[in-house]
Amino acid sequence: MVWDANELQPDVAVVPCTAECLAAHDWTDYPRPLLVIEVASPSTRHRDAALKRKAYLDLGIPTYWIVEPQQGQVVVIRPNADDVVVTDILEWQPNDALPPLQIRVADFTLSQR
């Protein structure tokens, strides 16, 4: 993804894709991601929480997660909403017709609760 003069490379991006999309030859032909995930580390925490946060919101990404393994939490960021810090069950449901994806935060963080 390109934002201003920066190319953003998230750790994980969930992109809605059709057969036409799969035939794309360039990443710029893919639709906008539904979810972007960054795994914070001491060296990236500020960039993930400031620059990338602004970029993803400006690009219209509907959900952005910052996984903080050392703190045992995930910060869920959505446009026009307060951030939500999740320490137990992380839930994501991009389509109301499908059941939500539920993930135990402790399963992928360093802080086992």
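This chain uses plain numbering: 1 for the first residue, then up along the sequence. Not measured: the values here are computed from a predicted model.
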Q: Examine distances only and state if a side-chain atom of Gln93 and a backbone atom of Pro99 form a donor-acceptor pair shorter than 3.5 Å.
A: no

Q: Please determine whether the number of non-hydrogen atoms from other residues, nucleotides or ligands lying under 6.0 Å from atom CG of Asn95 exceeds 12.
A: yes

Q: Linking I/L/V/M/F/W/Y whenever any side-chain heavy atoms sit under 4.5 Å apart, do Leu101 and Leu34 land together?
A: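 Yes, one cluster joins them.
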
Q: Got Arg47 and Glu38 here, is their nearest side-chain heavy-atom distance under 4.5 Å?
A: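 Side chain of Arg47 against side chain of Glu38, heavy atoms only: no contact under 4.5 Å found.
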
Q: For the residue pair Arg45 and Gln70, what are the closest heavy atoms and their distance?
A: NH2-OE1, 4.0 Å

Q: Determine the minimum heavy-atom distance between Val15 and Pro31, stating which atoms define it.
A: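 Reported closest heavy-atom pair: CG1-O, 3.4 Å.
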
Q: Might you point out which heavy atoms bring Ala40 and Pro69 nearest each other, and give the distance in Å?
A: O-CD, 3.5 Å

Q: Is the shortest side-chain heavy-atom distance between Pro33 and Val14 below 4.5 Å?
A: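 Pro33 does not reach Val14 side chain to side chain.
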
Q: Any side-chain heavy atom of Val36 within less than 4.5 Å of one from Leu59?
A: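 Contact flag for Val36/Leu59 side chains = no.
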
Q: Using the rule side-chain contact (heavy atoms from CB on, under 4.5 Å), only one of Leu35, Asp48, Ile77, Val75 pairs with Trp65; which is it?
A: Leu35

Q: Hey, are the side chains of Trp92 and Ile103 touching, using non-hydrogen atoms and a 4.5 Å cut-off?
A: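 Contact flag for Trp92/Ile103 side chains = no.
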
Q: Using side-chain contact (heavy atoms from CB on, under 4.5 Å) as the criterion, point out the one residue from Val39, Val67, Ile66 that pairs with Asp11.
A: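 Looking at Val39, Val67, Ile66, the match for Asp11 under the side-chain contact (heavy atoms from CB on, under 4.5 Å) is Val39.
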
Q: Hydrophobic clusters here meaning ILVMFWY residues chained together by side-chain heavy-atom distances under 4.5 Å, can you tell me if Val84 and Leu90 are in one?
A: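 Val84 clusters together with Leu90.
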
